[in-house]
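Lettering follows sequence order; numbering is per chain, from 1. These numbers were taken from a predicted model, which means no experiment stands behind them.
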Number of protein chains: 2
Amino acid sequence: MQMDERKRRILRAIIDDYILTGIPVGSRTISKKYETGLSSATIRNEMSDLEELGFLDQPHVSAGRVPSAKAYRLYVDSLLQSGVIPDDSAESVLGHFSGRIHQMEDVIDHAARVLSSLTQYTAVVLSPNGLEPRLQTIQLVPVSIGSALVVIVTDQGVIRDSVIRISPEMDGDTLYAISRTLTNELKGCTLSDACKVLPELIRRMEGNDEVLRGLYGYFTEGQQTSRSPHVAVGGTSNMLSYPEYSDVDKARSFLSLMETRDKLAEIVRGNGELAFTVRIGPETGVPEMADCSIITATYSTRGGQQGTIGVIGPTRMRYSRVISILNMMGHQLTDMFNGEDENNPSRNQE
Amino acid sequence: MQMDERKRRILRAIIDDYILTGIPVGSRTISKKYETGLSSATIRNEMSDLEELGFLDQPHVSAGRVPSAKAYRLYVDSLLQSGVIPDDSAESVLGHFSGRIHQMEDVIDHAARVLSSLTQYTAVVLSPNGLEPRLQTIQLVPVSIGSALVVIVTDQGVIRDSVIRISPEMDGDTLYAISRTLTNELKGCTLSDACKVLPELIRRMEGNDEVLRGLYGYFTEGQQTSRSPHVAVGGTSNMLSYPEYSDVDKARSFLSLMETRDKLAEIVRGNGELAFTVRIGPETGVPEMADCSIITATYSTRGGQQGTIGVIGPTRMRYSRVISILNMMGHQLTDMFNGEDENNPSRNQE
DNA sequence: GTTAGCACTCACCGCTTTCGAGTGCTAACC
DNA sequence: GGTTAGCACTCGAAAGCGGTGAGTGCTAAC
């Protein structure tokens with residue numbers, strides 16, 4: 001049996017209707033609501049064909065049909081390849097970032113909130129997971145007697161800073177001198193390079209070895225943390241609005257998945273090379289999300305790293321709308337991180 | 001009518017049983033499970049008295065009794081005044097912080113996670129909301145040509161840093177010189193003081209006024225953000241494990257409350273002067289939490305500021321256990337933020 | 001190929017029935 | 001006077017049951 005144009009049209013009508021209502025759709029509904037010039041009986045025959053082809057499921061014999069994952073796949077593919085990304089809601093995305101926001105993490109949190117409130121689904125935003133950054137400046141800033149703050153600037157922005165202990169008699173000028181030396185020695189290195197070079201520096205710069213040792217521990221840790229990106233989630237409770245999750249057990253397992261950020265990051269990141277990814281139901285590879293879909297898009301920062309934004313909703317998601325919003329949001333974030341206005345938010349902290 | 005010792009004992013048994021099972025408890029249960037040497041009929045009489053006194057509620061005439069908020073109040077008060085804070089789980093709290101964690105925010109996030117997994121309830125941790133911090137050092141660090149990172153150290157730790165734009169010909173040494181001047185001029189000021197002083201500095205240091213202007217905007221914003229503390233929430237999905245929240249609508253309103261961090265912070269913070277606060281049901285003052293209880297404790301940082309940790313659970317919470325865990329956790333955090341080991345996490349960022 | 005007609009299925013709704021946990025009351029008991 | 005056994009009563013939850021209607025599949029006619 002073959003898919004012809006009419007079958008496609010009918011399938012599309014079924015999907016549209018199901019996305020809207022969430023209840024199984026029957027043959028009469030299609031023949032009445034959508035102006036196919038066909039009677040319900042004909043639709044019925046076509047539906048039975050479509051079921052045989054694997055595009056429709058029947059919850060039970062006397063209920064309507066429900067689109068299968070395969071059907072959504074077809075639907076989304078044709079949506080994407082048509083290249084028409086409607087921008088229903090362009091302005092609204094743009095409007096939400098007018099406030100001045102500085103910190104990378106704030107931007108990400110904010111984006112997750114906006115995304116979830118715009119789509120009414122659950123939103124996930126990941127900070128860029130960069131290539132390994134290269135050191136550019138190292139600066140020690142006195143904090144109190146006996147301790148100093150390490151600020152490390154890399155080509156990708158500022159790494160999170162931390163306090164180390166130093167000997168009490170060091171003053172600001174000494175620290176500045178050390179900073180200059182360090183910067184000269186380590187410029188261009190990656191963090192792991194720096195770990196290798198440091199032991200020798202410790203030998204050369206006796207007297208200041210305490211500082212360097214503190215730095216050493218910091219570098220090794222910095223390597224680790226730079227691997228786990230920041231994950232912001234918004235609108236987890238939105239999911240409960242959909243009848244798909246009116247079962248408390250299902251809801252709980254979903255929510256607890258949303259709470260384990262690293263696992264979530266892994267899921268959302270996926271094979272994040274493509275500009276858009278749409279994974280439907282089983283394609284997510286996560287049993288807890290058997291009837292969710294995940295749509296992701298990427299944004300990029302000045303350093304050329306890629307971050308991911310994603311929306312998680314029921315399989316009967318409003319795909320075209322979500323894709324459009326993600327598209328806008330991706331551009332918006334890319335613009336922000338490329339710092340086009342004077343208060344420049346392009347910092348990377350991890 | 002008066003509370004006598006026997007009534008108290010029976011009430012306590014009822015509360016214990018209800019906390020354990022969550023289903024209304026009947027007279028027979030008490031007379032069998034708990035070795036009062038009394039028959040169910042007697043218990044029945046006592047229960048009817050207790051109801052009259054307002055300690056018990058009856059969902060409907062043919063069901064068992066349920067402790068009222070007043071009963072929990074009595075229960076908790078006697079628990080607290082007995083002064084016995086059992087440490088069921090001392091080790092487990094201690095064990096969870098062995099890893100080296102640097103950043104204030106990481107510690108807080110981590111604490112929320114540990115707290116929720118230990119209690120099986122929802123945990124909220126607030127960063128300290130300080131007195132207004134006083135400037136100690138200001139340092140400009142070159143980031144790239146034309147931009148510099150502002151690092152501001154206060155008596156309470158490091159304020160979040162941000163990038164400002166500078167003229168391209170400034171090099172590291174010039175920035176250092178400016179930093180020194182700024183530090184000298186502004187040391188000891190609060191952020192708002194600094195905003196007042198800056199205009200004059202701008203006039204005096206012509207040539208560098210661009211830098212100072214950037215700083216000005218940053219200071220004014222810093223004031224604002226320093227007022228909204230970091231809020232970490234853990235285990236929101238735990239709440240769904242309790243039959244109290246098997247109603248999806250209830251669950252959703254609870255969850256969406258957990259998502260609006262600033263409102264949540266306000267609720268949890270409460271009148272945060274006391275070491276322990278236990279608010280039961282209506283005492284929380286939030287309709288969404290009519291059948292929740294909130295227990296909070298405080299921790300303090302080196303700067304003398306106080307942060308809050310809290311656990312939100314159903315009114316039939318395991319109070320003594322939660323109090324014990326909060327107590328341990330409070331001490332633990334206080335210790336951490338007073339930096340007793342070499343990798344000092346005592347930073348305040350907001 | 002399309003459609004009208006019809007028998008059939010089955011979830012859902014509202015109804016009654018049954019069941020049992022739990023109460024309140026009374027009368028007897030110590 | 002406090003305690004207890006006994007009993008009638010209440011009422012929610014669960015189970016049983018027929019009616020309803022949306023929806024299907026099939027067949028025969030157009």
Donor-acceptor pair between B:T296 and B:T308 side chains, under 3.5 angstrom: no
Atom-to-atom span, CD of B:Q58 to P of D:dG12 - whole angstrom: 11 Å
Atom pair distance, as rounded to whole Å: CG in A:N45 and P in C:dT2: 9 Å
Side-chain N or O of B:S62 closer than 4.0 Å to phosphate OP1/OP2 of D:dT10: no
Given D:dT24, C:dT23, D:dT4, the nucleotide with the shortest approach to the side chain of B:A41: D:dT4
Pairwise side-chain contact, A:Y319 with A:I19, heavy-atom cut-off 4.5 Å (strictly under): yes
Residue-phosphate contact under 4.0 Å: A:S27 side-chain N/O, D:dT24 OP1/OP2: yes
Phosphate OP1/OP2 of C:dC6 contacted by A:R44 side-chain N/O (<4.0 Å): no
A:L50 CG - D:dG25 C1' separation (whole Å): 16 Å
Residue that, paired with A:E51, satisfies salt bridge (charged side-chain N to carboxylate O under 4.0 Å, His left out) out of A:K7, A:K70, A:R65: A:R65
Nearest-angstrom distance from the residue atom CD1 of A:I23 to C1' of C:dC10: 17 Å
Test item: side-chain donor near acceptor, A:T236 and B:E259, under 3.5 Å: yes
DNA chain D: 5'-proximal contact among B:G37 and A:R65 (nearest heavy atom): B:G37
Pairing stems for DNA chain D [at least three consecutive pairs; Watson-Crick or G-U; under 3.5 angstrom]: C:1-30 with D:1-30
Separation of atom CE in A:M47 from atom C1' in D:dG23, rounded to whole Å: 9 Å
Atom pair distance, as rounded to whole Å: NZ in B:K7 and P in D:dG2: 10 Å
Worked check of salt bridge (Lys or Arg N to Asp or Glu O under 4.0 Å) between A:E244 and A:K250: CA-CA 9 Å; A:E244 283 86 341; A:K250 242 182 188 172; over 6 Å; no
side-chain contact (heavy atoms from CB on, under 4.5 Å) partner of A:I312, chosen from A:I267, A:I295, A:T119, A:L264: A:L264
Between D:dC26 (P) and A:D49 (CG): distance, integer Å: 12 Å
Sugar-phosphate only, base, or nothing, as touched by A:R28 at under 4.0 Å among non-hydrogen atoms: nothing
side-chain N/O B:R6 vs D:dT3 OP1/OP2, d < 4.0 Å: yes
Side-chain heavy-atom pair A:S293, A:T315 within 4.5 angstrom cut-off: yes
Value in whole Å for how far the P atom of C:dC10 lies from NE2 of A:H60: 9 Å
